[in-house]
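Structure first, commentary second.
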Amino acid sequence: MAVVVWVVEGTWPACVDAARAHAPEGAEVVLLHVTGHDVADAAHGAFAGLLGRGHPERDPGTRVEHLAAVSAESLLQAAAERLGRPCTRVERTGRVEREVVAATEGADLLVLARDGDRARLGPHSLGPASRFVVDHAACPLLLVWPEPAPGLTTMPPPPPHHR
């Protein structure tokens, strides 16, 4: 069995705990982190457009990319330690939602966390990237709350024509 655990800042402990609890012994566990291009691209673009013509060594986008890689490595290391069993650590770069979906090819399970409005039940508890992954992943999903789930009283009421 191949289990992919999507490691995201702020929600990764719940995902790792869920994998530890639900992935059978001997399962191949892949801890996946994806760094988006958006911040580094913005820094590259601002530098090229306004400040840095002719001085690529001063491009802050390069430093942002380096810091992102160091942060991702640290996050994956912490996740591996929390998992406490053999695993593979994978860092990808690109459109986050598409990279996660691509990483699920051939997987038997993807573990991810809710990342939207976690104060109430409902569709807004998923952010745009997670919603895309839920809609497009080619394997079963284990969707976890990063903290205790809100109560049933937070569920939105049905539309008026369905009451």
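If you read the sequence from its start, that first residue is 1, and numbering goes on from there.
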Hits for salt bridge (Lys or Arg N to Asp or Glu O under 4.0 Å) against Arg98, two or more places apart or cross-chain, chain-then-number order -> none
In short, side-chain hydrogen bond (donor to acceptor under 3.5 Å, both in side chains) pairs touching residues 139-154 with sequence neighbours left out are Arg118-Glu147
Do Val144 and Met1 belong together in a cluster built from hydrophobic side chains that touch within less than 4.5 Å?
-> yes
In this structure, are over 12 heavy atoms from other groups packed under 6.0 Å from Arg120 atom CZ?
-> no
Would Val3 and Leu83 show up in the same hydrophobic cluster when neighbours are defined by side-chain heavy atoms closer than 4.5 Å?
-> yes
Donor-acceptor pair between Glu73 and Gln77 side chains, under 3.5 angstrom = no
Might you point out which heavy atoms bring Arg20 and Arg85 nearest each other, and give the distance in Å?
-> O-NH1, 4.0 Å
Shortest non-hydrogen contact from Val133 to Glu97?
-> CG2-O, 3.8 Å
How many angstroms lie between SG in Cys15 and CG in Leu143, if you round to the nearest 0.5 Å?
-> 8.5 Å
Measure the spacing between CH2 of Trp12 and CG of Leu32 and express it to the nearest 0.5 Å.
-> 15.0 Å
Determine, stepwise, if the pair Glu91 / Arg89 fulfils salt bridge (charged side-chain N to carboxylate O under 4.0 Å, His left out).
-> CA-CA 7 Å; Glu91 168 62 24; Arg89 291 179 261 174; over 6 Å; no
Among all residues two or more places apart in sequence or in another chain, which pass the side chain to side chain donor-acceptor pair (under 3.5 Å) test with Arg131?
-> none
Distance, nearest 0.5 Å, that separates CZ of Arg82 from CG of Leu31 | 12.0 Å
Shortest non-hydrogen separation from Thr35 to Ala72 and the atoms involved = OG1-CB, 4.2 Å
Write down the atom of Leu141, the atom of Leu109, and the distance for their closest heavy-atom approach.
-> C-CD1, 3.9 Å
Can a donor-acceptor pair be found between the side chains of Asp115 and Thr11 at a distance below 3.5 Å?
-> no
Path from Leu126 to Val4 over hydrophobic side-chain contacts below 4.5 Å = yes
Output the distance between atom CE (Met155) and atom CG (Leu121), rounded to the nearest 0.5 Å.
-> 6.5 Å
Transitively linked via ILVMFWY side-chain contacts under 4.5 Å: Val16 with Val30?
-> no
Over all atoms of both residues, closest heavy-atom pair of Val34 and Val96 | CG1-CA, 3.6 Å
Got Val29 and Thr88 here, is their nearest side-chain heavy-atom distance under 4.5 Å?
-> no
Euclidean distance, Glu28 CD relative to Cys87 SG, rounded to 0.5 Å | 10.5 Å
Same cluster or not: are Val101 and Val134 linked, directly or through other Ile, Leu, Val, Met, Phe, Trp or Tyr residues, by side-chain heavy atoms under 4.5 angstrom apart?
-> yes
Heavy-atom nearest pair, Ala14 first then Pro146, reads CB-CA, 3.5 Å
CG (Leu112) and CG (Leu142) are apart, to the nearest 0.5 Å, by 8.0 Å
